[in-house]
Protein chains: 2
Amino acid sequence: MAETHADISRIENVPLRVSVADIIRQAILNGTMKPGTPVVEMALAEQLQVSRAPVREAIQILEADGLIESEPYKGKRVKPLTLKEVEELYSLREQFEAFAIRRVVERQVDVSELRRHSDAMFEAAERGDLAALNTADEAFHRTLIRLADHQLMLSFWDNLYMRIRQIMALRNSANRDLRAVARNHPPIIEAIENRDMIRAISLISDHTRSASQITPEELGIAR
Amino acid sequence: MAETHADISRIENVPLRVSVADIIRQAILNGTMKPGTPVVEMALAEQLQVSRAPVREAIQILEADGLIESEPYKGKRVKPLTLKEVEELYSLREQFEAFAIRRVVERQVDVSELRRHSDAMFEAAERGDLAALNTADEAFHRTLIRLADHQLMLSFWDNLYMRIRQIMALRNSANRDLRAVARNHPPIIEAIENRDMIRAISLISDHTRSASQITPEELGIAR
DNA sequence: GTTTATCAGATTGTCGACAATCTAACGAGC
DNA sequence: GCTCGTTAGATTGTCGACAATCTGATAAAC
């Protein structure tokens, strides 16, 4: 009947390390803990009112995710980002989406679910709601990958997109044309439904390229 | 072979969890711990003469690698394999190699290093040395990926190929034509050097397909 | 006989204390 | 001033003990 965890709400059957990992991951992904920030076990343990063990294990989860790096006996920190890494993320994302499109077209998968997310993007753009637009955009692309029915690629995708979220949080995303982003998507759906792989892949590549712009300053000047 | 598991030789600056993870990973990849085998912390700790903490952390590393799966408070085991997973592994491997070839050709990267590994494969095939052939084959393909100069893809590749090694250890690899495997590779090098992407990708796809054969029985009948 | 409550064993989860290692500041000797 | 041990503080690594949870067996209630 341990009842002393003020800051972390214990959920049935969920080990503390998982809750702790979620909290830290969130802080990294929303930019609270920027690349380069030291990650100290004892400090986090005190802040979250748990012992070091679950914090250690949470950090290891994030290390495996590629969000944190560590030197034995020296210390751990939020992994710095480089321009090359950003380019790699977006170029691999492009490959995954092209592969997904090929599979979806070859197997004649019903992709009508994509319209739901596309519509949500238009609504969000209309309201000027950037967060909602990003959420719908992420759902759109993840759905495309999921419809390819390839668990392994989906797991790689989730890891890859997590890091993209981190980058998007660091980027100054003011003055973007939200409606233009939304308008990118219906043609992709149509191309897939018309089984025009070449066009669908070309469209989604353009979309990815336009989303990959970032300056070294926004990354914290790690080059 | 698996004789000296009595104690762990401590290496300077290398945390125990890393050494322990290496030992367990090796046991999984060489088939000593087959898919479905329970992974019990206390048993391993006693066997390796360390406490449970580094064993726990080692297991978590392997969990992140996808070699072990765990249900909270229930137990952990070597992750069972399914036919679909095998197909996914090889199909994604094919995508990675095609992407690597495109990058290598576009950037006109010098791929002469591949010949060294190709030659080693012929030597191994001549001696009938299956292990050496597999080592050279793995080196050949990893080199191709590495020459594409894409760290992120390389890390995904390493994870993916690790699981392929596990599968190869489970498979009955008797009566394969080693020379035929070796002969697959020089044409790939030549196609790349002639900047014939289409042919290079086609050749490597055939090679991958022929390597992906496996029966449910060899996997332990997890379907 | 079926259902439900309870218990014991097994396994994982968490804790606090101590050990190992790194870093940077300090000072002795030259 | 410079070099090189030395030491103190910070941080990670490891340990043994205890808590929480699951499973299956057992027995009580109907």
Side-chain angles (χ1 to χ4, degrees), chain A residues 1-25 27-28 33 36-65 67-80, chain B residues 5-25 27-28 33 36-65 67-80:
Chain A
M1 280 45 127
E3 180 46 57
T4 46
H5 290 141
D7 291 347
I8 289 194
S9 55
R10 295 221 53 173
I11 310 169
E12 193 104 2
N13 284 353
V14 175
L16 272 181
R17 66 164 180 276
V18 176
S19 314
V20 172
D22 287 344
I23 291 175
I24 302 177
R25 184 186 294 108
I28 294 176
M33 295 175 72
T37 303
V39 180
V40 181
E41 296 172 5
M42 213 171 54
L44 285 166
E46 219 160 289
Q47 195 178 333
L48 301 174
Q49 289 296 300
V50 298
S51 79
R52 273 181 56 215
V55 174
R56 269 181 74 79
E57 301 188 349
I59 290 175
Q60 279 183 229
I61 292 173
L62 301 176
E63 214 178 317
D65 282 345
L67 293 179
I68 289 179
E69 69 178 8
S70 127
E71 288 286 340
Y73 293 104
K74 288 190 182 176
K76 320 190 174 187
R77 57 175 182 170
V78 182
K79 195 170 165 188
Chain B
H5 277 192
D7 203 351
I8 289 192
S9 54
R10 295 221 53 175
I11 310 171
E12 192 104 4
N13 284 352
V14 175
L16 271 181
R17 66 166 181 274
V18 176
S19 313
V20 171
D22 287 345
I23 290 174
I24 303 176
R25 184 186 295 109
I28 294 176
M33 295 175 72
T37 303
V39 180
V40 181
E41 296 172 4
M42 213 172 52
L44 284 167
E46 216 161 294
Q47 197 177 335
L48 301 174
Q49 290 295 300
V50 298
S51 80
R52 271 181 57 216
V55 173
R56 269 182 74 79
E57 301 189 349
I59 290 175
Q60 279 183 230
I61 292 173
L62 301 175
E63 213 178 319
D65 283 345
L67 293 178
I68 289 179
E69 69 177 10
S70 129
E71 289 286 340
Y73 293 105
K74 289 191 180 176
K76 321 191 173 187
R77 57 175 180 169
V78 181
K79 196 169 165 189

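A note on names: the letters A, B, ... follow the listed sequences, proteins ahead of strands, and every chain is numbered from 1. Values below: all heavy atoms of this structure, side chains included; hydrogens, waters and symmetry mates excluded.
- Residue B/R52 contributes atom CZ, which lies 14 Å from atom P of C/dA10 at whole-angstrom precision.
- Residues satisfying the side-chain hydrogen bond (donor to acceptor under 3.5 Å, both in side chains) test with B/R56, not counting sequence neighbours, are A/E57, B/E41.
- Rounded to an integer number of Å, the gap from CG of A/L16 to P of D/dT21 is 10 Å.
- Residues passing the side-chain contact (heavy atoms from CB on, under 4.5 Å) test with A/A53, sequence neighbours excluded: A/S51.
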Listed pairs, N/O of protein and of nucleotides 7-11 of chain D, under 3.5 Å:
none

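- Among residues two or more places apart in sequence or in another chain, the side-chain contact (heavy atoms from CB on, under 4.5 Å) test is passed with A/A43 by A/V40.
- The interatomic distance linking A/I59 (CD1) with C/dT14 (P) rounds to 14 Å, in whole Å.
- Going from atom CG of A/L44 over to atom P of C/dC15 covers 14 Å, rounded to whole Å.
- Between A/P54 and B/E71, the residue whose closest nucleotide on DNA chain C is further toward the 5' end is B/E71.
- Residue A/R56 contributes atom CZ, which lies 16 Å from atom P of C/dG16 at whole-angstrom precision.
- Remark: P of C/dT14 and CD of A/Q49 are 16 Å apart, rounded to the nearest angstrom.
- Partners of A/N13 by side-chain contact (heavy atoms from CB on, under 4.5 Å), not counting sequence neighbours: none found.
- Rounding to the nearest 0.5 Å gives a distance of 4.5 Å between CG of B/L44 and CD1 of B/I24.
- Remark: P of C/dT12 and CZ of B/R77 are 13 Å apart, rounded to the nearest angstrom.
- Note on A/R17: only backbone sugar-phosphate atoms sit closer than 4.0 angstrom, heavy atoms only; bases stay farther off.
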Which pairs of donor and acceptor atoms, one on a side chain in residues 68-80 of chain A, lie under 3.5 Å apart (sequence neighbours left out)?
{"from": "A/E69", "atom 1": "OE2", "to": "A/R77", "atom 2": "NE", "distance (Å)": "2.9"}
{"from": "A/E69", "atom 1": "OE2", "to": "A/R77", "atom 2": "NH2", "distance (Å)": "2.9"}

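- If you take CD1 of A/I68 and C1' of D/dT12, they are 14 Å apart, rounded to a whole angstrom.
- Nearest-nucleotide positions on DNA chain D for A/N13 and A/P72 put A/P72 closer to the 5' end.
- Rounded to the nearest 0.5 angstrom, A/I28 CD1 and A/L67 CG are separated by 5.0 Å.
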